[in-house]
Number of protein chains: 2
Amino acid sequence: MKQGHIFLTVDAVVFGYEAPDNLLILLIKRGVDPYKDFWALPGGFVKEEESLEEGVERELQEETGVQVDYLEQLYSFGAPDRDPRARIVSVSYFGLIKPKGLELKPSTDAAEAQWFRVNKLPELAFDHKLIIDKAISRLRAKITYEPIGFELLNEKFSFSELENLYTTLLGRPIDRRNFRKKILSFGLLEQLDEQRKEGPGRPASLFKFQMSKYKSYQKNGLYFEL
Amino acid sequence: MKQGHIFLTVDAVVFGYEAPDNLLILLIKRGVDPYKDFWALPGGFVKEEESLEEGVERELQEETGVQVDYLEQLYSFGAPDRDPRARIVSVSYFGLIKPKGLELKPSTDAAEAQWFRVNKLPELAFDHKLIIDKAISRLRAKITYEPIGFELLNEKFSFSELENLYTTLLGRPIDRRNFRKKILSFGLLEQLDEQRKEGPGRPASLFKFQMSKYKSYQKNGLYFEL
DNA sequence: TCAAAAGTGTTAGAGGTACACCCATGG
DNA sequence: CCATGGGTGTACCTCTAACACTTTTGA
């Protein structure tokens, strides 16, 4: 089996959402060269017996203590010069995490782990900026045709939270009435007998996304679209 | 730099189209174990100094003699047991080729290279069936929102060729008038002063897809959609 | 009673979908 | 003149997009 020394890592772009308009990304501060003290995506080498997904989840757990609520493969980056040490190909993943999982408990590798606002990112190690840009595009595109936005909200949420999330992600205003109509027309939300009263104003009814219903609809060819 | 021995390959799912209703995939017959004499996707190990794309294109050239007209990354497959020899991660690519490039001239590795109809595929080596299924899904989805179908037709084509292609890929009938109206409404086709007369019937006007126009529209946020 | 956020319907226009006949050519 | 495939227009209906006032609560 011939092959030059090509190494394989996995990296994760994990998004969080902070009401009302902050999209967050989880980064770690590198403790070693190259790019010592630069911020970088969590990730690392895959173990020989674990799947790529298991590798990402393990690295995330080790470096930041978080567990994602949603994970999918994003893209593989393999430019020959992307890492100064050696030829390293990174299979990158795209993760989403609900607000209640946002606390960080870094343990092993990472000197620090921290959430950054997407529009206030620090300078990044390697080609991680490129990876993040791709992840943001994917997120923006994907929320218009798959109901993944719910993975950025807690299980119970109000319509205005959902609306703020979409406004933030799409970067443009949304008509509240049309939005509510459209979302409700999918029949995928369960309205709870519960309201949230915080701050001033009328209390908001809380809803729950019915994932199981979505999955069964999906098989029968239902489409979720904007 | 710790890491178990993980190897990296690239594989390509290359599609061709044969009028009026055959979608083709390019396969090679394996000359060595494991899976000796099974059909498999063209691909192989990446050289240390070449990019992943260069690797795919080189392997394709070596094994089948074809040059793709379109290439994009598909997905990376990395289940620990996908190759019986060792842990091998495959970064798979998705290629399209115009009809005039369909002739095969296998040269180095491959005992044979051959086009197969998608609905008459042989048993495949490794997890290549899985990769192909993913590629077909991607192709089906993508032709509805990006003008990649043109990469499966020669530069000059008639509307009925385009219509047959879409019918084949989508697996459902298309209304000729609505289809023509929609496609023309994008303003991306140039009608040539040329017709094709073959077989019986009225000669068909030929068209050309204006890629450069598409790319400049794209920057200004135009959408191509079904 | 005021401020703040939640909740609610209608209308005009655009776009999608369904549908059938004439045209140009070769044999 | 017949067979074969190419080319064309209209009407309905659905879905989208625009738009403003009332309700509920806490202070």
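Each chain gets a letter, A, B and so on, in the order the sequences are listed, and its residues count up from 1.
Distance, D175(B) CG to dG7(D) C1': 13 Å, rounded to whole Å. N164(A) has its CG atom 10 Å from the P atom of dA5(C), to the nearest Å. Taking atom CG on L162(A) and atom C1' on dA6(C), their separation rounds to 14 Å, with Å as the unit. To the nearest angstrom, C1' of dT8(C) lies 10 Å from NZ of K181(A). Between the CZ atom of F179(A) and the C1' atom of dT8(C) there is a distance of 16 Å, rounded to whole Å. We find that CG of L189(A) is positioned 15 Å from C1' of dG7(C), with the value rounded to whole Å. dA5(C) atom P lies 17 Å from atom CG of L206(A), rounded to whole Å. We find that CD of E198(A) is positioned 13 Å from P of dA27(D), with the value rounded to whole Å.
When each of R176(B) and E225(B) is assigned the nucleotide of DNA chain C bearing its nearest heavy atom, the one mapping closer to the 5' terminus is E225(B). Remark on DNA chain D: of its neighbouring residues A204(B) and L226(A), the 5'-side contact belongs to A204(B), judged by nearest-heavy-atom nucleotide. Heavy-atom distances to DNA chain D give each of G201(B) and K182(A) a nearest nucleotide, and the one nearer the 5′ end belongs to G201(B).
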Subject >> Derivation of the side chain to side chain contact (heavy atoms under 4.5 Å, CB included) call for I131(B) and R82(B) >> reply: CA-CA 11 Å; I131(B) 301 181; R82(B) 62 178 293 279; 4.2 Å; yes
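Around atom CD of Q67(B), no more than 12 heavy atoms belonging to other residues, nucleotides or ligands sit under 6.0 Å away. No more than 12 heavy atoms of other residues, nucleotides or ligands sit less than 6.0 Å from atom CD of E155(B). Annotation: K208(B), atom NZ; neighbour count of heavy atoms from other residues, nucleotides and ligands within 6.0 Å does not exceed 12.
You won't find any donor-acceptor pair under 3.5 Å spanning the side chain of R180(A) and the base of dG7(C), going by distance alone. Under 3.5 Å, the side chain of R177(A) and the base of dA20(D) form at least one donor-acceptor pair of N or O atoms.
Remark: S205(B) is in phosphate contact with dG7(D), judged by side-chain N or O atoms under 4.0 Å from OP1 or OP2. Between dA6(C) and S160(A), a contact under 4.0 Å exists linking OP1 or OP2 to a side-chain N or O.
For R202(A), counting side-chain heavy atoms from C-beta on, the closest listed nucleotide (dT23(D), dG9(C), dG16(C)) is dT23(D). Comparing dC19(D), dG6(D), dT17(C) against the side chain of N178(B) picks out dT17(C) as the nearest.
Both tests hold for R180(A) against F159(A): distance to the six-membered ring centre under 6.0 Å, angle to the ring axis within 45°.
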